[in-house]
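Position 1 is the first residue of the sequence; numbering continues from there. Note that ligands are numbered from 1 as they come in the structure, with each ligand's atoms numbered from 1 the same way. When reading the values below, keep in mind they use all heavy atoms of this one structure, side chains included, and skip hydrogens, waters and symmetry mates.
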Amino acid sequence: MNPVKRIALVYTSKQRAQEVNSSRHPETLKSDDDEPPDLYSEYDTAETVSAVKKALSRQYEVTAIEGDESVFVNLRELKPDLVFNISEGFAGPNRESHVPIVCEMLGLRYTGSDGLTLGICLDKARTKEILTHHKIPNAKFTVWNAGDGDGKLKRFPLPAIVKPLREGSSTGIRNNSMVASVDALVERSAEIAGLYRQPVLIEEFLPGREFTLGFIGNAPDLEFLPLIEINHAVLPKGANPIYGYEAKWLWDDPADPLPMLICPAPVEPALLKKMRAMVSKAAQVLNIRDWCRADLRLDSAGAPRILELNPLPGILPDPRENSALPAAARAMGIAYDELILKVAKVAGERTSAAK
Ligand SMILES: Nc1ncnc2c1ncn2[C@@H]1O[C@H](COP(=O)(O)OP(=O)(O)OP(=O)(O)O)[C@@H](O)[C@H]1O
Ligand SMILES: [Mg+2]
């Protein structure tokens, strides 16, 4: 297997995501004002693309490519030694799987999890079914579709949290996503289904401390980054204890950052060990590769449960943006460039060993 010299960085820019989405849904979106303001939170800014490119360029020859319809032809021509994949795709249940699947079809090596794993992890309910099968604790849940009627909602224990089934970066998760009455649950579920055009995930609200735990590597040899605690105490008075859209994108102003992340989190060694074991097992059963960030929260009995896993973790380069994985790496003395290069190295080694 060739040593990795030429890398294609494949991303999905906010601008392209917006163009593609608006052209596909002209019937529902009459103007930019009709779109929820967080619809494109997941997608890459020009700063992220250029920071990742700059990091990789320290050791490799790098070409950055938009992960749109042209990606197949561009990758086929370029034939890079490795694809560094940060592409979220545009729409659909398999949007995060598009680039890995193209790579698989072209026989290219790529960073991160395969299309199947990315598709499963994007669908939080599918993920939870697999976690539950393997006895990995997570929050009780149900999935609701527009038109289902409200019987299921009336029976769901409260308080609950309402989310789009397959989003990230807190898209569709707001301060009012935590609901304590059936009326609010019904109203919020209908609103989410309409705005984000997808099923709705309703989960029991876990009231305890919240953590996020990143790792690099491949099970069973995971290199855990320091644990981060989400500090709900700094949220504005009266806000629900949720690390949602307002906390990530409105109240946290890079000019005046909200100190939401405590790293390393002050926890008992036994709790840290437990969370690492849960995340390691989840990575194994879900076949997560190279890197990931898992979100966890304690239940009312103080026991940790997995909220979700992010096998394409957010990597905003500006430290003032509170991006969790780069923040955890910084806390152990790993700078942004080094973090990105580590992922490329781990993927290069894994894929060379695999062939
Ligand atoms: N079952 C739950 N109980 C309590 N709080 C929850 C629950 N699910 C989500 N939350 C809160 O909502 C936030 C966002 O939820 P979640 O991590 O599922 O969304 P996301 O958009 O995928 O996040 P990310 O930015 O990590 O991609 C969590 O960080 C947590 O504060
Ligand atoms: Mg999350």
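- Protein heavy atom at the shortest distance from atom 13 (C) of ligand 1 is Y243 O, 3.4 Å.
- Scanning the protein heavy atoms around atom 23 (O) of ligand 1, the nearest turns out to be E308 OE2, 3.2 Å.
- If you look at N310 next to ligand 1, the close heavy atoms, those under 4.0 Å, all belong to the side chain.
- Taking all heavy atoms of K140, R297, R174, H232 into account, the minimum distance to atom 5 (N) of ligand 1 is reached by R297.
- For atom 29 (O) of ligand 1, the closest heavy atom belonging to the protein is E210 OE2, 2.4 Å.
- Atoms of ligand 1 found under 4.0 Å from any heavy atom of E203, numbered from 1 in the order shown, are 1 (N), 2 (C), 7 (C), 8 (N).
- Looking at K281, its side chain never comes within 3.5 Å of a backbone N or O of L131 through a donor-acceptor pair.
- Hydrophobic clustering places F224 together with L296 (ILVMFWY residues linked when any side-chain heavy atoms are closer than 4.5 Å, directly or through intermediates).
- Residue R6 qualifies as enclosed at atom CZ: its count of foreign heavy atoms under 6.0 Å is above 12.
- Side-chain atoms of N287 and S113 form no donor-acceptor pair, as typed in the model, at a separation below 3.5 Å.
- The contact set between ligand 1 and E204, taken as ligand atoms under 4.0 Å from a residue heavy atom, comprises 1 (N), 2 (C), 3 (N).
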Any chance you could lay out the side-chain contact (heavy atoms from CB on, under 4.5 Å) test for R305 and R297, step after step, and finish with the verdict? CA-CA 6 Å; R305 305 213 213 161; R297 197 154 184 171; over 6 Å; no
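- Checked against the Mg ion (ligand 2), the N, O or S atom of D295 at the shortest distance is OD2.
- Assignment of K248 to the shell around ligand 1 is supported, since a heavy atom sits closer than 4.0 Å.
- Of the protein's non-hydrogen atoms, the one nearest atom 9 (C) of ligand 1 is K163 NZ, 3.3 Å.
- Looking at atom 27 (O) of ligand 1, its nearest protein heavy atom turns out to be S169 N, 2.8 Å.
- Closest non-hydrogen pair, W291 versus I288, comes out as O-CG2, 3.8 Å.
- In the hydrophobic cluster analysis, where Ile, Leu, Val, Met, Phe, Trp and Tyr join through side-chain heavy atoms closer than 4.5 angstrom, F215 is grouped apart from L341.
- Contacts with ligand 1 closer than 4.0 Å are made by heavy atoms of both the backbone and the side chain of L206.
- The salt bridge (Lys or Arg N to Asp or Glu O under 4.0 Å) with E88 is formed by just one residue from the set R166, R95, K14; it is R95.
- Of all the heavy atoms of K124, the ones lying under 4.0 Å from any atom of ligand 1 belong exclusively to the side chain.
- When only modelled atom types and interatomic distance are considered, N85 and S87 share no side-chain donor-acceptor pair under 3.5 Å.
- Of all protein heavy atoms, the one closest to atom 6 (C) of ligand 1 is I161 CD1, 3.7 Å.
- Ligand 1 lies nowhere less than 4.0 angstrom from a heavy atom belonging to M178.
- No path of Ile, Leu, Val, Met, Phe, Trp and Tyr side chains, each step under 4.5 Å between heavy atoms, connects V143 with L153, placing them in separate hydrophobic clusters.
- Hydrophobic clustering (ILVMFWY, side-chain heavy atoms < 4.5 Å, transitive): L307 and L286 are in distinct clusters.
- Remark: the T212 side chain and the D295 side chain contain an N/O donor-acceptor pair separated by less than 3.5 Å.
- Protein heavy atom closest to atom 21 (O) of ligand 1, with residue, atom name and distance, is S170 N, 2.5 Å.
- E223 and K342 are joined by a salt bridge, as a carboxylate oxygen and a charged side-chain nitrogen come within less than 4.0 angstrom of each other.
- Contacts between I242 and ligand 1, counted as non-hydrogen atom pairs separated by less than 4.0 Å, involve both the backbone and the side chain.
- Each of the following atoms of ligand 1 lies closer than 4.0 Å to a heavy atom of R293: 26 (O).
- Remark: ligand 1 atoms within the under-4.0 Å shell around heavy atoms of E167 are 22 (O).
- E308 contributes atom OE2 as its closest N/O/S atom to the Mg ion (ligand 2).
- Scanning the protein for heavy atoms near atom 15 (O) of ligand 1, the closest one is I173 CD1, 3.3 Å.
- Atoms of ligand 1 found under 4.0 Å from any heavy atom of G168, numbered from 1 in the order shown, are 20 (P), 21 (O), 22 (O), 27 (O).
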